[in-house]
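For the numbers below, each heavy atom of this structure counts, side chains included, while hydrogens, waters and symmetry mates do not. Proteins get letters first, then strands, A, B, ... in listed order; numbering begins at 1 in each.
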2 protein chains.
Amino acid sequence: MTSVTPRRPVSRLSRERRIADIMAAGREVFREKGYEDAPLSDIAEKANVVEGSIYRYFDNKRDLLVKVIEVWYEGMLADYQEQLSGIRGTRNRLRYMIWRHLKTIHDEPALCNLMFQFLRSGKDYSKTGVFNLNRNYTRQTLDIISEGVRKGELRGDVSLRLVRDMIYGCVEHTTWAYLRGEADFDVEKTADDVVELVLSGLQVRYTGSPTGPDIATRLENAVEKLEAMTEKP
Amino acid sequence: MTSVTPRRPVSRLSRERRIADIMAAGREVFREKGYEDAPLSDIAEKANVVEGSIYRYFDNKRDLLVKVIEVWYEGMLADYQEQLSGIRGTRNRLRYMIWRHLKTIHDEPALCNLMFQFLRSGKDYSKTGVFNLNRNYTRQTLDIISEGVRKGELRGDVSLRLVRDMIYGCVEHTTWAYLRGEADFDVEKTADDVVELVLSGLQVRYTGSPTGPDIATRLENAVEKLEAMTEKP
DNA sequence: TGCCTATAATGAACTTCATTCATTATATTT
DNA sequence: AAATATAATGAATGAAGTTCATTATAGGCA
(Lines give C-alpha, C1' and ligand atoms only; values in the text may rest on other atoms or scores of the structure.)
Protein backbone atom coordinates (compact mmCIF):
# COMPACT_ATOMS: atom_id res chain seq x y z
CA MET A 1 0.00 0.00 0.00
CA THR A 2 1.52 3.25 -1.11
CA SER A 3 0.28 6.29 0.81
CA VAL A 4 0.45 9.59 -0.98
CA THR A 5 0.76 12.80 1.02
CA PRO A 6 -2.16 14.94 -0.05
CA ARG A 7 -1.08 18.13 -1.73
CA ARG A 8 -2.31 21.32 -0.12
CA PRO A 9 -4.90 23.22 -2.13
CA VAL A 10 -3.17 25.86 -4.19
CA SER A 11 -4.75 29.29 -4.10
CA ARG A 12 -3.60 31.52 -6.86
CA LEU A 13 -3.62 35.20 -5.94
CA SER A 14 -2.47 38.33 -7.67
CA ARG A 15 1.17 39.25 -7.38
CA GLU A 16 0.34 42.33 -5.33
CA ARG A 17 -1.85 40.49 -2.91
CA ARG A 18 0.72 37.79 -2.27
CA ILE A 19 3.47 40.29 -1.70
CA ALA A 20 1.26 42.19 0.70
CA ASP A 21 0.40 38.99 2.59
CA ILE A 22 4.01 37.89 2.88
CA MET A 23 5.17 41.31 4.01
CA ALA A 24 2.42 41.57 6.60
CA ALA A 25 3.38 38.16 7.94
CA GLY A 26 7.04 39.14 7.83
CA ARG A 27 6.45 42.29 9.82
CA GLU A 28 4.56 40.40 12.49
CA VAL A 29 7.05 37.59 12.87
CA PHE A 30 10.09 39.88 12.72
CA ARG A 31 8.48 42.09 15.34
CA GLU A 32 7.88 39.15 17.62
CA LYS A 33 11.11 37.20 17.16
CA GLY A 34 13.67 39.54 15.69
CA TYR A 35 15.59 38.64 12.57
CA GLU A 36 17.75 35.64 13.30
CA ASP A 37 15.22 33.87 15.49
CA ALA A 38 12.46 34.25 12.92
CA PRO A 39 12.40 31.17 10.70
CA LEU A 40 11.14 31.69 7.20
CA SER A 41 8.81 28.78 7.84
CA ASP A 42 6.93 30.83 10.44
CA ILE A 43 6.48 33.65 7.99
CA ALA A 44 5.39 31.30 5.24
CA GLU A 45 2.81 29.67 7.50
CA LYS A 46 1.38 32.98 8.64
CA ALA A 47 1.22 34.18 5.03
CA ASN A 48 -0.46 30.97 3.89
CA VAL A 49 2.25 30.04 1.45
CA VAL A 50 5.02 27.52 1.29
CA GLU A 51 8.57 28.62 2.10
CA GLY A 52 9.77 28.32 -1.45
CA SER A 53 7.08 30.70 -2.66
CA ILE A 54 8.63 33.58 -0.77
CA TYR A 55 11.60 33.39 -3.13
CA ARG A 56 9.43 34.21 -6.10
CA TYR A 57 8.96 37.71 -4.66
CA PHE A 58 12.02 38.32 -2.51
CA ASP A 59 15.66 37.63 -3.21
CA ASN A 60 16.30 36.24 0.24
CA LYS A 61 15.39 36.63 3.89
CA ARG A 62 17.31 39.85 4.31
CA ASP A 63 15.65 41.35 1.25
CA LEU A 64 12.28 40.62 2.84
CA LEU A 65 13.38 42.36 6.04
CA VAL A 66 14.61 45.39 4.14
CA LYS A 67 11.34 45.74 2.26
CA VAL A 68 9.26 45.25 5.40
CA ILE A 69 11.16 47.99 7.18
CA GLU A 70 10.99 50.18 4.10
CA VAL A 71 7.21 50.07 3.88
CA TRP A 72 6.82 50.60 7.60
CA TYR A 73 9.17 53.57 7.44
CA GLU A 74 7.27 55.11 4.57
CA GLY A 75 3.94 54.96 6.37
CA MET A 76 5.52 56.34 9.50
CA LEU A 77 7.02 59.38 7.82
CA ALA A 78 3.98 60.06 5.67
CA ASP A 79 2.54 62.95 7.62
CA TYR A 80 5.45 64.57 9.40
CA GLN A 81 5.82 67.40 6.91
CA GLU A 82 2.18 68.36 7.33
CA GLN A 83 2.42 68.22 11.09
CA LEU A 84 5.56 70.29 11.09
CA SER A 85 4.03 72.98 8.93
CA GLY A 86 1.66 73.78 11.77
CA ILE A 87 4.39 74.37 14.30
CA ARG A 88 6.11 77.74 14.78
CA GLY A 89 9.35 78.68 16.40
CA THR A 90 12.74 77.06 16.16
CA ARG A 91 12.59 75.50 19.58
CA ASN A 92 9.11 74.06 19.08
CA ARG A 93 9.90 72.71 15.65
CA LEU A 94 13.10 71.12 16.88
CA ARG A 95 11.24 69.62 19.78
CA TYR A 96 8.69 68.12 17.46
CA MET A 97 11.35 66.30 15.46
CA ILE A 98 12.94 64.94 18.62
CA TRP A 99 9.60 64.04 20.15
CA ARG A 100 8.58 62.22 17.01
CA HIS A 101 11.70 60.10 16.97
CA LEU A 102 11.29 59.23 20.64
CA LYS A 103 7.65 58.33 20.12
CA THR A 104 8.45 56.04 17.21
CA ILE A 105 10.98 54.17 19.31
CA HIS A 106 8.50 53.97 22.16
CA ASP A 107 5.71 52.65 19.96
CA GLU A 108 7.70 50.20 17.83
CA PRO A 109 10.79 49.17 19.75
CA ALA A 110 11.15 45.86 17.95
CA LEU A 111 11.07 47.29 14.44
CA CYS A 112 13.38 50.13 15.46
CA ASN A 113 15.81 47.58 16.81
CA LEU A 114 15.70 45.71 13.52
CA MET A 115 16.33 48.95 11.70
CA PHE A 116 19.26 49.91 13.91
CA GLN A 117 20.81 46.50 14.12
CA PHE A 118 20.37 44.91 10.72
CA LEU A 119 19.70 47.66 8.23
CA ARG A 120 21.89 50.51 9.27
CA SER A 121 24.92 48.33 9.90
CA GLY A 122 24.75 46.57 6.57
CA LYS A 123 27.27 47.35 3.88
CA ASP A 124 24.46 48.12 1.47
CA TYR A 125 22.59 50.48 3.75
CA SER A 126 23.37 53.63 1.80
CA LYS A 127 21.85 52.03 -1.29
CA THR A 128 18.66 51.23 0.59
CA GLY A 129 15.38 53.09 0.24
CA VAL A 130 15.32 53.49 4.02
CA PHE A 131 18.58 55.38 3.80
CA ASN A 132 17.05 57.93 1.48
CA LEU A 133 13.86 58.24 3.49
CA ASN A 134 15.94 58.82 6.57
CA ARG A 135 18.10 61.27 4.74
CA ASN A 136 15.15 63.38 3.69
CA TYR A 137 13.65 63.15 7.13
CA THR A 138 16.72 64.32 9.02
CA ARG A 139 17.31 66.99 6.40
CA GLN A 140 14.23 68.63 7.82
CA THR A 141 16.05 68.92 11.13
CA LEU A 142 18.99 70.52 9.38
CA ASP A 143 16.61 72.98 7.73
CA ILE A 144 15.08 73.96 11.05
CA ILE A 145 18.53 74.66 12.42
CA SER A 146 19.53 76.63 9.32
CA GLU A 147 16.41 78.69 9.69
CA GLY A 148 17.31 79.32 13.32
CA VAL A 149 20.76 80.47 12.27
CA ARG A 150 19.25 82.77 9.65
CA LYS A 151 17.00 84.36 12.25
CA GLY A 152 19.96 84.93 14.51
CA GLU A 153 18.69 82.57 17.18
CA LEU A 154 21.26 79.83 16.70
CA ARG A 155 25.00 79.84 16.25
CA GLY A 156 26.19 79.57 12.70
CA ASP A 157 29.67 78.36 13.52
CA VAL A 158 28.96 74.70 14.20
CA SER A 159 28.56 71.88 11.73
CA LEU A 160 24.91 71.19 11.05
CA ARG A 161 25.67 67.51 10.63
CA LEU A 162 27.24 67.39 14.04
CA VAL A 163 24.17 68.92 15.61
CA ARG A 164 21.97 66.40 13.87
CA ASP A 165 24.18 63.54 15.01
CA MET A 166 24.11 64.90 18.53
CA ILE A 167 20.33 65.04 18.58
CA TYR A 168 19.64 61.64 17.10
CA GLY A 169 22.60 60.00 18.78
CA CYS A 170 21.47 61.28 22.14
CA VAL A 171 17.93 60.08 21.57
CA GLU A 172 19.11 56.62 20.59
CA HIS A 173 21.55 56.21 23.42
CA THR A 174 18.91 57.28 25.87
CA THR A 175 16.59 54.58 24.62
CA TRP A 176 18.99 51.61 24.50
CA ALA A 177 17.86 50.20 27.81
CA TYR A 178 14.24 50.47 26.73
CA LEU A 179 15.04 48.73 23.45
CA ARG A 180 16.55 45.87 25.42
CA GLY A 181 13.34 45.67 27.40
CA GLU A 182 14.90 46.79 30.63
CA ALA A 183 13.38 50.16 31.42
CA ASP A 184 10.71 52.53 30.24
CA PHE A 185 11.26 56.20 29.42
CA ASP A 186 9.10 59.29 29.36
CA VAL A 187 8.73 60.56 25.80
CA GLU A 188 7.62 64.09 26.74
CA LYS A 189 10.19 64.70 29.42
CA THR A 190 13.04 63.28 27.39
CA ALA A 191 12.07 65.48 24.45
CA ASP A 192 12.10 68.54 26.70
CA ASP A 193 15.44 67.64 28.22
CA VAL A 194 17.17 66.90 24.93
CA VAL A 195 16.05 70.09 23.25
CA GLU A 196 17.06 72.12 26.28
CA LEU A 197 20.51 70.58 26.47
CA VAL A 198 21.17 70.89 22.75
CA LEU A 199 20.18 74.52 22.69
CA SER A 200 21.73 75.74 25.91
CA GLY A 201 24.73 73.49 26.30
CA LEU A 202 26.38 72.37 29.46
CA GLN A 203 28.37 75.40 30.43
CA VAL A 204 26.97 77.96 32.84
CA ARG A 205 26.08 81.26 31.26
CA TYR A 206 27.17 84.58 32.63
CA THR A 207 24.60 87.01 31.41
CA GLY A 208 25.17 89.73 33.96
CA SER A 209 22.17 88.76 36.02
CA PRO A 210 22.99 86.80 39.17
CA THR A 211 20.77 83.79 38.49
CA GLY A 212 18.62 82.60 35.66
CA PRO A 213 18.21 83.87 32.12
CA ASP A 214 18.39 87.55 31.27
CA ILE A 215 15.40 89.73 30.58
CA ALA A 216 15.39 89.41 26.81
CA THR A 217 15.65 85.62 26.95
CA ARG A 218 12.74 85.49 29.34
CA LEU A 219 10.65 87.63 27.03
CA GLU A 220 11.56 85.49 24.06
CA ASN A 221 10.60 82.38 25.92
CA ALA A 222 7.28 83.96 26.79
CA VAL A 223 6.66 84.68 23.13
CA GLU A 224 7.46 81.10 22.21
CA LYS A 225 4.90 79.96 24.71
CA LEU A 226 2.38 82.20 23.00
CA GLU A 227 3.39 80.74 19.69
CA ALA A 228 2.90 77.22 20.94
CA MET A 229 -0.51 78.15 22.36
CA THR A 230 -1.89 79.54 19.14
CA GLU A 231 -1.04 76.31 17.33
CA LYS A 232 -3.22 74.20 19.58
CA PRO A 233 -6.75 73.69 18.29
CA MET B 1 39.42 -2.85 0.38
CA THR B 2 38.38 -0.65 3.28
CA SER B 3 40.10 2.73 3.36
CA VAL B 4 40.37 4.39 6.74
CA THR B 5 40.57 8.17 6.94
CA PRO B 6 43.73 8.91 8.88
CA ARG B 7 43.05 10.67 12.15
CA ARG B 8 44.76 14.00 12.62
CA PRO B 9 47.52 14.05 15.23
CA VAL B 10 46.08 15.22 18.51
CA SER B 11 48.10 17.82 20.36
CA ARG B 12 47.15 18.13 23.96
CA LEU B 13 47.65 21.61 25.38
CA SER B 14 46.80 23.21 28.68
CA ARG B 15 43.32 24.55 29.12
CA GLU B 16 44.60 28.13 29.29
CA ARG B 17 46.66 27.81 26.14
CA ARG B 18 43.80 26.34 24.12
CA ILE B 19 41.39 29.01 25.25
CA ALA B 20 43.92 31.68 24.36
CA ASP B 21 44.46 30.13 20.91
CA ILE B 22 40.76 29.88 20.17
CA MET B 23 40.08 33.42 21.33
CA ALA B 24 42.95 34.80 19.29
CA ALA B 25 41.65 32.99 16.22
CA GLY B 26 38.13 34.17 17.03
CA ARG B 27 39.18 37.78 17.26
CA GLU B 28 40.95 37.61 13.93
CA VAL B 29 38.15 35.90 12.05
CA PHE B 30 35.42 38.03 13.63
CA ARG B 31 37.39 41.13 12.79
CA GLU B 32 37.74 40.06 9.18
CA LYS B 33 34.29 38.64 8.51
CA GLY B 34 31.97 39.97 11.17
CA TYR B 35 29.81 37.64 13.22
CA GLU B 36 27.32 35.95 10.94
CA ASP B 37 29.72 35.52 8.04
CA ALA B 38 32.39 33.97 10.22
CA PRO B 39 31.97 30.18 10.21
CA LEU B 40 33.11 28.37 13.30
CA SER B 41 35.07 26.12 10.98
CA ASP B 42 37.32 29.05 10.01
CA ILE B 43 38.01 29.81 13.63
CA ALA B 44 38.68 26.17 14.41
CA GLU B 45 41.12 25.88 11.54
CA LYS B 46 43.01 29.02 12.52
CA ALA B 47 43.17 27.84 16.13
CA ASN B 48 44.38 24.37 15.08
CA VAL B 49 41.48 22.56 16.62
CA VAL B 50 38.41 20.79 15.38
CA GLU B 51 35.05 22.57 15.50
CA GLY B 52 33.68 20.41 18.24
CA SER B 53 36.58 21.28 20.51
CA ILE B 54 35.47 24.86 20.73
CA TYR B 55 32.41 23.69 22.64
CA ARG B 56 34.52 22.35 25.45
CA TYR B 57 35.51 25.91 26.33
CA PHE B 58 32.62 28.03 25.05
CA ASP B 59 28.88 27.50 25.34
CA ASN B 60 28.26 28.51 21.77
CA LYS B 61 29.36 30.85 19.02
CA ARG B 62 27.87 33.91 20.65
CA ASP B 63 29.56 33.11 23.94
CA LEU B 64 32.88 33.06 22.11
CA LEU B 65 32.15 36.46 20.59
CA VAL B 66 31.21 37.90 23.97
CA LYS B 67 34.42 36.66 25.56
CA VAL B 68 36.56 37.86 22.67
CA ILE B 69 35.09 41.34 22.94
CA GLU B 70 35.40 41.25 26.70
CA VAL B 71 39.12 40.57 26.67
CA TRP B 72 39.72 43.14 23.97
CA TYR B 73 37.73 45.71 25.94
CA GLU B 74 39.68 45.02 29.10
CA GLY B 75 43.03 45.58 27.42
CA MET B 76 41.75 48.71 25.80
CA LEU B 77 40.56 50.31 29.00
CA ALA B 78 43.57 49.23 31.03
CA ASP B 79 45.40 52.53 31.12
CA TYR B 80 42.77 55.23 30.73
CA GLN B 81 42.64 56.05 34.43
CA GLU B 82 46.36 56.64 34.51
CA GLN B 83 46.26 58.79 31.42
CA LEU B 84 43.36 60.80 32.75
CA SER B 85 45.13 61.53 36.01
CA GLY B 86 47.66 63.56 34.09
CA ILE B 87 45.10 65.84 32.51
CA ARG B 88 43.81 68.97 34.23
CA GLY B 89 40.73 71.06 33.66
CA THR B 90 37.17 70.03 32.98
CA ARG B 91 37.27 70.77 29.28
CA ASN B 92 40.53 68.94 28.70
CA ARG B 93 39.46 65.92 30.68
CA LEU B 94 36.16 65.75 28.87
CA ARG B 95 37.94 66.06 25.57
CA TYR B 96 40.24 63.20 26.47
CA MET B 97 37.29 60.87 27.09
CA ILE B 98 35.68 61.84 23.80
CA TRP B 99 38.96 61.64 21.90
CA ARG B 100 39.64 58.21 23.32
CA HIS B 101 36.32 56.87 22.22
CA LEU B 102 36.78 58.28 18.74
CA LYS B 103 40.25 56.84 18.49
CA THR B 104 39.10 53.39 19.50
CA ILE B 105 36.46 53.42 16.79
CA HIS B 106 39.01 54.68 14.30
CA ASP B 107 41.54 51.99 15.19
CA GLU B 108 39.22 49.00 15.54
CA PRO B 109 36.12 49.69 13.48
CA ALA B 110 35.30 46.02 12.99
CA LEU B 111 35.41 45.09 16.66
CA CYS B 112 33.48 48.22 17.59
CA ASN B 113 30.83 47.26 15.08
CA LEU B 114 30.58 43.82 16.64
CA MET B 115 30.25 45.40 20.05
CA PHE B 116 27.55 47.84 18.93
CA GLN B 117 25.64 45.42 16.77
CA PHE B 118 25.73 42.10 18.55
CA LEU B 119 26.62 42.71 22.16
CA ARG B 120 24.78 45.85 23.11
CA SER B 121 21.56 44.79 21.42
CA GLY B 122 21.42 41.39 23.06
CA LYS B 123 18.91 40.70 25.77
CA ASP B 124 21.72 39.57 28.05
CA TYR B 125 23.92 42.60 27.57
CA SER B 126 23.44 44.03 31.04
CA LYS B 127 24.65 40.74 32.51
CA THR B 128 27.79 40.87 30.39
CA GLY B 129 31.22 41.77 31.64
CA VAL B 130 31.47 44.32 28.87
CA PHE B 131 28.44 46.07 30.28
CA ASN B 132 30.16 46.55 33.61
CA LEU B 133 33.44 47.61 32.04
CA ASN B 134 31.57 50.15 29.99
CA ARG B 135 29.63 51.27 33.01
CA ASN B 136 32.78 51.98 34.99
CA TYR B 137 34.35 53.67 32.02
CA THR B 138 31.52 56.07 31.30
CA ARG B 139 31.13 56.72 35.02
CA GLN B 140 34.42 58.52 34.73
CA THR B 141 32.76 60.92 32.31
CA LEU B 142 29.96 61.49 34.77
CA ASP B 143 32.52 62.21 37.47
CA ILE B 144 34.27 64.78 35.32
CA ILE B 145 30.97 66.55 34.77
CA SER B 146 30.07 66.38 38.46
CA GLU B 147 33.44 67.90 39.27
CA GLY B 148 32.73 70.66 36.76
CA VAL B 149 29.40 71.34 38.41
CA ARG B 150 31.03 71.44 41.83
CA LYS B 151 33.55 73.98 40.61
CA GLY B 152 30.76 76.12 39.19
CA GLU B 153 31.87 75.68 35.61
CA LEU B 154 29.00 73.51 34.46
CA ARG B 155 25.25 73.67 34.95
CA GLY B 156 23.92 71.47 37.70
CA ASP B 157 20.34 71.40 36.45
CA VAL B 158 20.67 68.80 33.70
CA SER B 159 20.67 65.04 34.01
CA LEU B 160 24.19 63.67 34.02
CA ARG B 161 23.02 60.56 32.21
CA LEU B 162 21.56 62.66 29.45
CA VAL B 163 24.84 64.47 28.97
CA ARG B 164 26.69 61.19 28.81
CA ASP B 165 24.22 59.83 26.27
CA MET B 166 24.56 62.99 24.25
CA ILE B 167 28.34 62.71 24.14
CA TYR B 168 28.60 59.05 23.30
CA GLY B 169 25.54 59.06 21.09
CA CYS B 170 26.94 61.94 19.10
CA VAL B 171 30.30 60.26 18.71
CA GLU B 172 28.73 57.06 17.50
CA HIS B 173 26.35 58.66 15.07
CA THR B 174 29.18 60.69 13.64
CA THR B 175 31.15 57.54 12.96
CA TRP B 176 28.43 55.37 11.38
CA ALA B 177 29.52 56.10 7.84
CA TYR B 178 33.11 55.25 8.75
CA LEU B 179 31.98 52.02 10.38
CA ARG B 180 30.22 51.10 7.16
CA GLY B 181 33.48 51.73 5.35
CA GLU B 182 32.18 54.71 3.44
CA ALA B 183 34.10 57.69 4.76
CA ASP B 184 36.96 58.58 7.02
CA PHE B 185 36.79 61.06 9.87
CA ASP B 186 39.28 63.26 11.68
CA VAL B 187 39.66 62.12 15.27
CA GLU B 188 41.18 65.36 16.54
CA LYS B 189 38.79 67.73 14.86
CA THR B 190 35.72 65.71 15.75
CA ALA B 191 36.82 65.63 19.38
CA ASP B 192 37.20 69.40 19.38
CA ASP B 193 33.84 69.95 17.76
CA VAL B 194 31.92 67.62 20.04
CA VAL B 195 33.34 69.04 23.23
CA GLU B 196 32.66 72.57 22.04
CA LEU B 197 29.07 71.83 21.10
CA VAL B 198 28.31 69.95 24.30
CA LEU B 199 29.70 72.70 26.46
CA SER B 200 28.41 75.75 24.65
CA GLY B 201 25.18 74.52 23.11
CA LEU B 202 23.54 75.65 19.96
CA GLN B 203 21.93 78.87 21.04
CA VAL B 204 23.66 82.18 20.54
CA ARG B 205 24.84 83.79 23.72
CA TYR B 206 24.23 87.36 24.66
CA THR B 207 26.86 88.13 27.21
CA GLY B 208 26.96 91.86 26.84
CA SER B 209 29.69 91.44 24.29
CA PRO B 210 29.61 93.77 21.27
CA THR B 211 28.54 91.11 18.76
CA GLY B 212 24.92 90.10 18.53
CA PRO B 213 21.74 92.18 18.57
CA ASP B 214 20.96 94.38 21.54
CA ILE B 215 17.99 93.96 23.81
CA ALA B 216 15.79 96.44 21.96
CA THR B 217 16.34 94.66 18.66
CA ARG B 218 15.53 91.34 20.19
CA LEU B 219 12.30 92.65 21.65
CA GLU B 220 11.37 94.03 18.26
CA ASN B 221 12.00 90.64 16.69
CA ALA B 222 9.80 89.01 19.29
CA VAL B 223 7.02 91.46 18.55
CA GLU B 224 7.36 90.77 14.85
CA LYS B 225 6.80 87.12 15.54
CA LEU B 226 3.59 87.96 17.35
CA GLU B 227 2.54 90.17 14.48
CA ALA B 228 3.16 87.43 11.97
CA MET B 229 1.08 85.05 14.01
CA THR B 230 -1.95 87.24 14.33
CA GLU B 231 -2.00 87.94 10.62
CA LYS B 232 -2.44 84.29 9.80
CA PRO B 233 -6.01 83.13 9.55
C1' DT C 1 60.34 2.92 34.11
C1' DG C 2 55.88 1.69 32.89
C1' DC C 3 50.99 1.48 34.00
C1' DC C 4 46.75 4.41 35.28
C1' DT C 5 43.64 7.76 35.08
C1' DA C 6 41.66 12.11 34.23
C1' DT C 7 40.47 14.74 30.63
C1' DA C 8 41.71 17.04 26.13
C1' DA C 9 40.55 16.26 21.48
C1' DT C 10 38.43 14.17 17.73
C1' DG C 11 35.08 13.44 14.03
C1' DA C 12 30.88 11.70 12.73
C1' DA C 13 26.07 12.37 13.36
C1' DC C 14 22.23 15.53 14.17
C1' DT C 15 19.47 19.56 13.58
C1' DT C 16 17.84 23.63 11.88
C1' DC C 17 17.43 26.75 8.33
C1' DA C 18 17.92 29.24 4.07
C1' DT C 19 17.75 28.44 -0.67
C1' DT C 20 16.96 26.05 -5.30
C1' DC C 21 14.31 23.96 -8.84
C1' DA C 22 11.74 20.58 -11.40
C1' DT C 23 6.96 19.58 -11.31
C1' DT C 24 2.07 20.65 -10.87
C1' DA C 25 -2.06 23.46 -10.77
C1' DT C 26 -4.69 27.39 -12.04
C1' DA C 27 -6.27 31.62 -14.24
C1' DT C 28 -6.42 33.88 -18.55
C1' DT C 29 -6.25 34.06 -23.45
C1' DT C 30 -7.22 32.34 -28.02
C1' DA D 1 -12.36 23.88 -25.05
C1' DA D 2 -7.54 23.91 -25.75
C1' DA D 3 -3.34 26.49 -25.23
C1' DT D 4 -0.36 29.23 -22.62
C1' DA D 5 1.70 31.74 -19.09
C1' DT D 6 2.92 31.76 -14.61
C1' DA D 7 1.75 31.11 -9.56
C1' DA D 8 2.62 27.70 -6.20
C1' DT D 9 4.25 23.57 -4.40
C1' DG D 10 7.32 20.41 -1.92
C1' DA D 11 11.19 17.70 -2.12
C1' DA D 12 16.09 18.11 -2.34
C1' DT D 13 20.39 20.53 -1.31
C1' DG D 14 23.85 22.42 1.36
C1' DA D 15 25.77 25.22 4.87
C1' DA D 16 26.50 25.94 9.71
C1' DG D 17 25.90 25.40 14.58
C1' DT D 18 25.78 21.89 18.10
C1' DT D 19 26.11 17.24 20.47
C1' DC D 20 28.37 13.20 22.05
C1' DA D 21 30.39 8.63 22.11
C1' DT D 22 34.98 7.30 21.25
C1' DT D 23 39.98 7.81 21.26
C1' DA D 24 44.49 9.58 22.52
C1' DT D 25 47.61 11.76 25.53
C1' DA D 26 50.08 13.98 29.51
C1' DG D 27 51.15 13.82 34.13
C1' DG D 28 50.90 11.36 38.40
C1' DC D 29 51.90 7.14 40.94
C1' DA D 30 53.58 2.53 42.15
Practice task
For A:E51 and D:dA12, give me the distance from atom CD to atom C1', rounded to whole Å.
Solution key: 13 Å
Handout entry: Between P of D:dT18 and CZ of B:R62, the distance in whole Å
Key = 12 Å
Handout entry: Short side-chain donor-acceptor distance under 3.5 Å, B:N136 and B:R139
Key = yes
Completion exercise
Atom CD of A:E45 and atom P of D:dT9 are separated, to the nearest Å, by 13 Å
Practice task
Report the distance from atom CD1 of A:I43 to atom P of C:dC17, rounded to the nearest whole Å.
Solution key: 12 Å
Exercise for the section: Answer yes or no: is there an ion pair linking A:R155 with B:E196, defined by an N-O contact shorter than 4.0 Å? Expected result: yes
Exercise for the section: Would you please confirm or rule out a distance under 4.0 Å between OP1 or OP2 of D:dA8 and any side-chain N or O of A:R18? Expected result: yes
Practice task
Provide, to the nearest angstrom, the distance between the CG atom belonging to B:N60 and the P atom belonging to D:dT18.
Solution key: 5 Å
Handout entry: Given D:dG17, C:dA9, D:dA8, the nucleotide with the shortest approach to the side chain of B:L40
Key = D:dG17
Exercise for the section: Could you tell me whether B:K33 and B:E28 make a salt bridge, using a distance below 4.0 angstrom between a side-chain N and a carboxylate O? Expected result: no
Problem - Salt bridge present between A:R120 and A:E172 (N-O < 4.0 angstrom) - result: yes
Problem - Value in whole Å for how far the C1' atom of D:dA11 lies from CZ of A:R8 - result: 15 Å
Problem - Residues A:E147 and A:R93 bridged, charged N to O under 4.0 Å - result: no
Fill in the blank from the handout: Side-chain contact check for A:P39: nearest option of C:dA8, D:dT18, C:dA18 is C:dA18
Exercise for the section: Could you check whether B:Y57 gets within reach of a base, just the sugar-phosphate, or nothing at all, counting any heavy atom under 4.0 Å? Expected result: sugar-phosphate
Practice task
Using a 4.0 Å heavy-atom cut-off across all strands, classify A:A44 as base, sugar-phosphate, or nothing.
Solution key: nothing
Handout entry: Salt-bridge criterion met for B:D42 and B:K46 (N-O under 4.0 Å)
Key = no
Problem - Sidechain N-carboxylate O distance under 4.0 Å for B:D21, B:R17 - result: yes
Problem - Between P of C:dT7 and CG of B:L13, the distance in whole Å - result: 17 Å
Exercise for the section: Specify the separation, in whole Å, of atom CZ of B:R15 and atom P of C:dA9. Expected result: 10 Å
N/O-N/O pairs, protein side and nucleotides 20-25 of chain D side, under 3.5 Å:
from: D:dT25; atom 1: O2; to: B:R12; atom 2: NH1; distance (Å): 2.5

